[in-house]
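Worksheet: one structure, shown below.
Hydrogens, waters and symmetry mates are skipped; everything else that's a heavy atom, side chains included, is used.
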Amino acid sequence: MKAKRQRKIIELISEYDIETQEELAKKLMESGYQVTQATVSRDIRELNLLKTASGSGGQKYTAPVAAAITDDSKYMRVLKDGILSMDCAGNMLVIKTVSGMAMAVGAAVDAMHIEEVLGCIAGDDTILCVIKDAEEAFHVKEMINSMIV
């Protein structure tokens, strides 16, 4: 539920200029999530959301720009420690992770900004990456594999 709620938060702040925790909580409740101000505050902290200037002169929540993946970056450690296996199924790449690590590994894959990856959905121990086509899915698998070996 937490991962789903946090994905919804990212979606909401991308779609709306949300200035306060109360405004974010209201949008979440309108979307069917029962949250408290403390929960929203914790999610904001865990997602490392930033306050930036909005077009209307106020401020709004935004997601941080992803850091580059380097050999010593936290994302590289997450990839190396979290991925157990990868398999292609048509234009999809299924990544199996250590239990509880799928969200972090998915964030690391997203931070790579691989052009062929259209998007990733993470569960507890499985990530589904949708790739533009089957040939590129194999290429993405090999690219990630070369980084973690």
Side-chain angles (χ1 to χ4, degrees), residues 1-21 23-25 27-28 31-33 35-36 38-55 59-149:
M1 186 65 167
K2 176 180 170 180
K4 199 172 174 184
R5 184 181 64 246
Q6 289 184 346
R7 282 192 295 272
K8 186 65 175 179
I9 288 172
I10 298 298
E11 179 184 317
L12 288 170
I13 66 169
S14 298
E15 190 174 338
Y16 302 103
D17 286 352
I18 297 176
E19 296 184 15
T20 65
Q21 290 181 9
E23 200 177 331
L24 182 54
K27 290 282 188 194
L28 283 167
S31 300
Y33 294 89
V35 294
T36 64
T39 300
V40 171
S41 179
R42 196 169 30 256
D43 286 341
I44 288 169
R45 190 172 47 256
E46 288 177 10
L47 291 168
N48 296 317
L49 298 185
L50 308 169
K51 282 264 190 140
T52 59
S54 68
Q59 291 191 330
K60 65 178 184 173
Y61 284 108
T62 57
V65 176
I69 302 258
T70 61
D71 285 340
D72 63 341
S73 76
K74 66 180 176 182
Y75 288 126
M76 183 57 75
R77 288 190 307 275
V78 166
L79 290 171
K80 287 181 177 181
D81 294 345
I83 295 176
L84 296 177
S85 66
M86 295 183 285
D87 285 304
C88 294
N91 71 319
M92 296 176 284
L93 174 62
V94 177
I95 303 173
K96 291 293 200 175
T97 71
V98 173
S99 184
M101 289 285 295
M103 192 97 165
V105 172
V109 171
D110 286 341
M112 293 170 72
H113 299 290
I114 301 170
E115 185 178 324
E116 297 87 356
V117 177
L118 298 176
C120 296
I121 299 171
D124 180 59
D125 63 356
T126 305
I127 303 163
L128 174 65
C129 297
V130 179
I131 315 296
K132 290 181 180 176
D133 66 43
E135 186 176 312
E136 290 174 340
F138 180 77
H139 171 73
V140 170
K141 175 187 171 190
E142 292 303 308
M143 181 189 317
I144 294 171
N145 197 45
S146 70
M147 293 177 74
I148 63 173
V149 174

For Glu19 versus Glu23, what's the shortest heavy-atom pair and its separation? N-OE1, 3.2 Å
Could you pull out the closest heavy-atom pair between Tyr75 and Ala111, with the gap in Å? CE1-CB, 3.7 Å
Passing candidate, side chain to side chain contact (heavy atoms under 4.5 Å, CB included) with Ile95, options Asp87, Leu79, Ile83, Leu128: Ile83
Minimum heavy-atom separation for Ile127 and Gly106, please, with both atom names. CD1-N, 3.4 Å
Should Lys27 and Glu15 count as an ion pair when the cut-off is N to O under 4.0 Å? no
Do Tyr33 and Lys4 come close enough that some side-chain heavy atom pair is under 4.5 Å? yes
Is the shortest side-chain heavy-atom distance between Lys60 and Tyr16 below 4.5 Å? no
Hey, does Leu24 have a side-chain heavy atom less than 4.5 Å from the side chain of Ile44? yes
Measuring only between side-chain heavy atoms, which start at C-beta, is Arg7 closer than 4.5 Å to Met103? yes
Side chain to side chain contact (heavy atoms under 4.5 Å, CB included) partner of Leu49, chosen from Ile9, Asp43, Ile18: Ile9
Are Val117 and Ile131 close enough that some pair of their side-chain heavy atoms sits under 4.5 Å apart? yes
Considering only heavy atoms from C-beta outward, does the side chain of Glu46 approach that of Lys2 to under 4.5 Å? yes
Is the shortest heavy-atom distance from the side chain of Leu118 to the side chain of Lys132 under 4.5 Å? yes
Taking side chain as C-beta onward, heavy atoms only, is Val109 less than 4.5 Å from Leu93? no
State, to 0.1 Å, how close Ala102 and Ala122 come at their nearest heavy-atom pair, and which atoms those are. O-CB, 3.6 Å
